[in-house]
Each structure stands twice: as C-alpha cells, then as structure tokens.
Amino acid sequence: MTALSPLLGWADLFGIAVFAASGALAAARREQTLVTFAFFSLVTGVGGGTVRDLLIDAPVFWVRDGRVAAACLSTALLIWLTPQRWWSERALDWFDAVGLAAYAVFGAAKALAFGVPPVVAVLMGVITACVGGIIRDVLAGEPSILLRPELYVTAAALASALFVLLTWLGAPAAIAAPLAALLGFGLRALAIVRGLKLPAYRR
C-alpha cells in the first residue's frame with residue numbers, strides 16, 4: 001500500500017464538508033430541527049466513504065479521524081444558523097457537484113493506495129462520490145439520483161477514471177487530482193446548467 005499525499009487528504013476533508021453541506025441543505029428545505037440537520041450532514045458526508053472502506057477492507061475512516069465528524073456537525077450547525085434566503089434553490093446541487101468531484105478522486109486514490117486494481121479503483125471512486133447523496137435523497141424522500149437521467153454518476157466516473165488513468169501514466173497526484181476533479185465538476189456543472197442527460201431506455 002502506498003501512502004496518500006497530504007493534498008488528497010485535504011481534498012477528502014473538503015469533499016466531506018461540501019457533501020455535509022448538501023445534506024444540511026436537504027434538511028433546510030424541509031425546515032427540520034438541528035438534530036435532523038446533523039444527522040443528514042453526517043450520513044451524507046461519510047456514507048460513500050464508509051461503504052468504500054468496508055469493501056476494500058480498510059479501517060472506516062471517520063471512526064478513526066475525529067476531524068471528519070467535527071466537520072460534518074460544524075457544517076450542519078453553520079447552515080442551521082443562517083437564514084434560508086442565503087441559499088438559492090440550486091445551492092444543494094452546486095455543493096453536491098463540488099463534493100462529487102473531490103470525493104470521486106479521493107475514493108479512487110485511496111483504493112489504489114490499498115492495492116485495489118485500477119478498474120475496481122475507478123468503481124470505488126464512484127461509490128465514494130455517489131452513495132452519500134443517494135442515502136440523503138432516500139432519507140429526504142427525494143427520487144434517488146440513480147432514477148434520474150441527468151449526468152451525476154457519469155461525472156463521478158469521469159473524475160475517478162481520469163485520476164486513475166493519469167496516475168497509471170505516471171502523473172503526480174498534485175497534477176492528476178485537481179485536473180480530474182475539475183473535469184468531473186465541469187461535466188456535472190454542464191448537466192446542472194444545460195440539463196444534459198443520458199438517453200433513456202426505449203422499447
């Protein structure tokens with residue numbers, strides 16, 4: 001197993017905080033209590049990474065790093081204390097898009113660091129990026145992103161696959177990580193702004 005770079009460690013914490021914000025905003029839309037804010041933030045922030053760690057037989061990251069739960073709960077409190085008018089209707093989508101890109105890259109990087117083969121590492125990046133948002137939508141009573149044709153999982157797959165490819169080609173993490181995350185975010189941003197969708201199944 002190779003060590004993860006400090007840059008990727010900070011990318012992970014950033015992705016967690018942004019995902020936690022999207023969870024808190026889902027609670028804000030329903031005018032919930034601080035307890036619900038905190039629960040949504042924590043589950044959204046750590047859900048994908050927890051599933052990844054269990055699958056690659058790694059220690060569950062947030063159980064061993066107190067910064068993670070602190071970041072999620074602090075984010076929930078911050079959003080709960082701010083007026084709803086500060087957050088636009090699309091704020092959840094944009095927070096989610098940033099977290100998606102950052103988390104996909106880190107998930108793939110951690111899988112590679114634990115000796116997972118490249119193709120499986122790409123899938124671990126997708127799981128890391130998407131599962132928390134799926135759990136959030138289920139808890140909030142929203143249709144799962146998996147059941148909507150907009151580009152979401154595809155954007156995570158792009159970020160994850162590009163990082164793995166660039167790493168395999170010998171690019172340093174300081175270049176591969178931000179480039180892959182930026183392109184993944186760009187694809188998701190286009191989906192939000194332009195309504196890009198995958199073609200649906202037709203008989």
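The residues of the chain are indexed from 1 along the displayed sequence. What you see below is based on every heavy atom in this structure, not just the backbone, and it leaves out hydrogens, waters and symmetry mates.
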Original post:
Given the rule in the side-chain contact (heavy atoms from CB on, under 4.5 Å) test, do Asp53 and Trp62 qualify, once you have shown the distances and angles that lead to the verdict?
Top reply: CA-CA 10 Å; Asp53 286 350; Trp62 65 276; over 6 Å; no

**OP:** Using the side-chain contact (heavy atoms from CB on, under 4.5 Å) rule, take Ile16 and Cys72 through it: C-alpha gap first, then chi angles, then the decisive distance, then the call.
**Re:** CA-CA 7 Å; Ile16 290 165; Cys72 292; 3.6 Å; yes

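Residue Val18 is not grouped with residue Leu78 when hydrophobic side chains (ILVMFWY) are merged at heavy-atom distances under 4.5 angstrom, including chains of intermediate members. By the criterion of side-chain heavy atoms lying less than 4.5 angstrom apart, applied directly or through intervening Ile, Leu, Val, Met, Phe, Trp or Tyr residues, Val51 is grouped together with Ile135 in one hydrophobic cluster. Tyr103 and Val126 fall within a single hydrophobic cluster, where Ile, Leu, Val, Met, Phe, Trp and Tyr are joined by side-chain heavy atoms under 4.5 Å apart, directly or via other members. Criterion: ILVMFWY side-chain heavy atoms under 4.5 Å apart, direct or through other members. Under it, Leu162 and Ile175 are not part of a common hydrophobic cluster. The hydrophobic cluster containing Val46 also contains Leu100, counting ILVMFWY residues as joined when their side-chain heavy atoms lie under 4.5 angstrom apart, directly or transitively.
Enclosure of atom CZ in Phe39 is not indicated, since only 12 or fewer non-hydrogen atoms of other residues, nucleotides or ligands lie within 6.0 angstrom.
When the salt bridge (Lys or Arg N to Asp or Glu O under 4.0 Å) test is applied to Arg64, no partner is found at least two apart in sequence or on another chain. A search for ring-ring contact (aromatic ring centres under 6.0 Å, His included) contacts involving Phe95 returns Trp87, not counting sequence neighbours. Residues satisfying the salt bridge (Lys or Arg N to Asp or Glu O under 4.0 Å) test with Arg136, not counting sequence neighbours, are Asp96.
Geometrically, Arg52 engages Phe61 in a cation-pi contact defined by less than 6.0 Å to the ring centre and at most 45° from the axis.
Of all non-hydrogen atoms in Leu187 and Ala155, the two that sit nearest each other are CD2-CA, 3.8 Å. Between Ala104 and Ala156 the shortest heavy-atom distance is CB-O, 3.5 Å. Taking both residues in full, the closest heavy atoms of Ala69 and Leu42 are given as CA-CD1, 4.2 Å, listed atom of the first, atom of the second, then distance. Contact detail for Phe40 and Ala27: the closest heavy-atom pair is CD2-N, 4.0 Å. In plain terms, the two heavy atoms of Ala173 and Pro178 that are nearest each other are O-CD, 3.6 Å. Nearest heavy-atom pair, Ala180 versus Ala159, reported as atom, atom and distance to 0.1 Å: CB-O, 3.3 Å.
Note on residues 168-197: pairs passing side-chain hydrogen bond (donor to acceptor under 3.5 Å, both in side chains), not counting sequence neighbours, are Glu150-Arg188. Among residue pairs with one or both ends in residues 68-81, none qualify as side-chain hydrogen bond (donor to acceptor under 3.5 Å, both in side chains); sequence neighbours excluded.
Tyr152 OH to Ile192 CD1: the interatomic distance, rounded to the nearest 0.5 Å, is 9.5 Å. Leu196 CG to Leu190 CG: the interatomic distance, rounded to the nearest 0.5 Å, is 5.5 Å. Note that the CD1 atom of Ile134 and the OG1 atom of Thr44 stand 11.5 Å from one another [nearest 0.5 Å].
Formation of a donor-acceptor pair under 3.5 Å by the Thr128 side chain with backbone atoms of Gly107 is not found in this model. Although no hydrogens or angles enter the test, the distance criterion places a donor-acceptor pair under 3.5 Å between the side chain of Gln32 and the main chain of Arg30. Side-chain atoms of Ser22 come within 3.5 Å of backbone N or O of Phe19 as a donor-acceptor pair. Here the side chain of Thr82 pairs a donor or acceptor atom with the backbone of Ile79 at under 3.5 angstrom.
Residues near Leu73 contribute nothing to a hydrophobic cluster around it, because no ILVMFWY side-chain heavy atom sits closer than 4.5 Å to its side chain.
A 4.5 Å side-chain heavy-atom check between Leu77 and Phe37 finds every atom pair outside the cut-off. Two residues are said to be in side-chain contact when any heavy atoms from C-beta on lie closer than 4.5 Å; Val43 and Leu139 meet this criterion. Side-chain contact check for Pro143 versus Asp137: every heavy-atom pair is 4.5 Å or farther apart. Contact check for Leu198 versus Thr154: side-chain heavy atoms found under the 4.5 Å cut-off. Side chains of Thr36 and Thr33 form a contact here, defined as non-hydrogen atoms less than 4.5 Å apart.
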